[in-house]
Amino acid sequence: MIKVYNLSVAFLGEKKALDNVSFKIPKGEFVYITGESGAGKTTLLRLFYADILPSRGIVLISNKDISNITKKSTPFLRRNIGVIFQDFKLLENKSVYENVKLALEVFYLEKNNMENRILPLLRRLGIYSRRSTLVRKLSGGEKQRVAIARALINNPAIILADEPTGNLDQAKAEDIIDLLYDTAKSGTTVIVATHDPNVLNRYKDARVLELKNGKIIKDTHNI
Ligand SMILES: Nc1ncnc2c1ncn2[C@@H]1O[C@H](COP(=O)(O)OP(=O)(O)OP(=O)(O)O)[C@@H](O)[C@H]1O
């Protein structure tokens, strides 16, 4: 469960990136965060994994207040959160397998057993045959799948995806959204920031939170 109360973020010398935002997201929900460029989507996601702290207001992740979380405590929070970044942030000169393994090694202690965790996930995401390929040799769609594998490998409670279909054609974008939607079906909370209408229309029953100038102007669930 994610709860935010009266959340505002002001970057130095800028107008507010988020302005008094409140909402709750239950466990296992699939939510779109939408809004035009600069609306505050990325800023909101960054608050959830404590990449930034709010100027005002409260962020609760699984009932833990992270509004003032210390740097020392952020690894414990992030262990439960998988992030899929707009620009992937993969290690281009390492293989698909290595990229996922590095994310697993941070928290996983059974070093001998890692293959049993990684290979089935690569299979599920359709990148098993690319496991030894360097990331820099992959297509955009394949890189996106590696980014998803890396986000899922620690079985996080929450997945945050920032424009996960950025440069993909429509069919590939739909594949990626289907993967994320299925992930929510198994109990993971999935939050997808996007302004792509094809992505938004893919699951019409999904909750849509729309931001404009840092404020929520639409919430289809309104809870
Ligand atoms: N590090 C920063 N320093 C100063 N201003 C920032 C910073 N990050 C974001 N902003 C500003 O905050 C506002 C919200 O930005 P944000 O990146 O959250 O929007 P967005 O909805 O994700 O946009 P996009 O769709 O273009 O990624 C914008 O006005 C942006 O210029």
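Read the numbers this way: they start at 1 and go in the same order the structure lists the ligands and their atoms. Heavy atoms only: backbone and side chains are in, while hydrogens, waters and symmetry mates are out.
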Discussion item. I'd like the contact residues of ligand 1, where contact means a heavy atom below 4.0 Å.
Written reply: F11, E14, K15, A17, E36, S37, G38, A39, G40, K41, T42, T43, Q86, H195
Practice prompt. Give the other cluster members for L102, using side-chain heavy-atom distances under 4.5 Å between Ile, Leu, Val, Met, Phe, Trp and Tyr residues; answer none if it is isolated.
Written response: L91
Worksheet item: If you look only at pairs with a residue in residues 143-201, which of them pass as a ring-ring contact (aromatic ring centres under 6.0 Å, His included), with sequence neighbours excluded?
Response: F30-Y181, Y181-Y203
Worksheet entry | Salt-bridge present (R145, D175; N to O < 4.0 Å) | yes
Practice prompt. Output all residues satisfying side chain to side chain donor-acceptor pair (under 3.5 Å) with N80, sequence neighbours left out; order by chain, then residue number.
Written response: none
Discussion item. Using a 6.0 Å distance limit plus a 45 degree cone around the ring axis, check whether R79 lies over the aromatic ring of F76.
Written reply: no
Worksheet item: Does a side-chain N-to-carboxylate-O contact under 4.0 Å join K172 and E142?
Response: no
